[in-house]
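Before any comments, here is the structure.
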Amino acid sequence: MEESLALAGTLDYVDPEDFVKSSLSKKKSKSYEISNVGVLKNGETEKQKLVNLVFNQPNGTITGYFGCNVAGTDIGGTNFALTCAYGLEEDFNTYAEQFDAYLKWLLK
């Protein structure tokens with residue numbers, strides 16, 4: 001705990017508002033980011049089971065232009081949550097359609 005508090009003290013040296021504003025004015029360092037929380041396995045003796053799991057991490061100021069967040073369970077399968085940076089809504093539709101077509105191709 002003491003170490004965590006010491007790390008939090010470094011925020012005194014960074015102005016969060018300036019950091020965000022400077023990030024918005026720069027080009028992103030990556031175009032695509034995948035976040036995967038993996039598969040949650042249900043226990044055999046549990047009375048309640050988690051069937052469906054969705055994970056969504058919105059695009060931030062320093063992440064990629066497009067993103068794919070992956071999560072699933074051993075019962076319900078895998079879910080993909082697709083994201084895009086603000087202002088790319090029209091491009092997002094093309095991205096989502098191509099992603100869907102690629103998954104269908106992979107799974108046939």
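The first residue of the sequence shown is numbered 1, and numbering continues consecutively from there.
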Task: same_hphob_cluster(F99, Y65) at 4.5 Å side-chain heavy-atom cutoff - done: yes
Open item on the list: Test your reading of the model: is there a side-chain donor-acceptor pair from N79 to the backbone of G72, 3.5 Å cut-off?
Closed with: no
Open item on the list: Can you give me the closest heavy-atom contact between F80 and V70, atom names plus distance?
Closed with: CD2-CG2, 3.7 Å
Open item on the list: Working to the nearest 0.5 angstrom, can you tell me the gap between K49 NZ and E44 CD?
Closed with: 7.0 Å
Task: Distance, nearest 0.5 Å, that separates OH of Y32 from SG of C84 - done: 12.0 Å
Open item on the list: Same cluster or not: L40 versus I34, using hydrophobic residues (I, L, V, M, F, W, Y) connected whenever any side-chain heavy atoms lie under 4.5 Å apart?
Closed with: no
TODO: With rounding to the nearest 0.5 Å, note down the distance linking CG in D91 to CZ in F66.
DONE: 5.0 Å
- [ ] Quick one: pull up CG in L82 and CG in D100 and give me the separation to the nearest 0.5 Å.
- [x] 9.0 Å
- [ ] State whether the number of non-hydrogen atoms from other residues, nucleotides or ligands found under 6.0 Å of E89 atom CD is greater than 12.
- [x] yes
Open item on the list: Using only atom types and a distance under 3.5 Å, with no angle test, would you say the side chain of N56 pairs donor to acceptor with the backbone of A81?
Closed with: no
- [ ] Please assess Y95 against F92 for the test ring pair (Phe, Tyr, Trp, His ring centres under 6.0 Å), listing each intermediate value before the final yes or no.
- [x] CA-CA 5 Å; Y95 159 56; F92 177 80; 5.8 Å; yes
- [ ] Scan L50, T73, D74 and name whichever one has a side-chain contact (heavy atoms from CB on, under 4.5 Å) with K41.
- [x] D74
- [ ] Can you see which heavy atom on W105 is nearest to which on K108, and at what distance?
- [x] O-CG, 3.2 Å
TODO: First locate atom OG1 of T94, then atom CG of L88, and finally report the distance between them rounded to the nearest 0.5 Å.
DONE: 11.0 Å
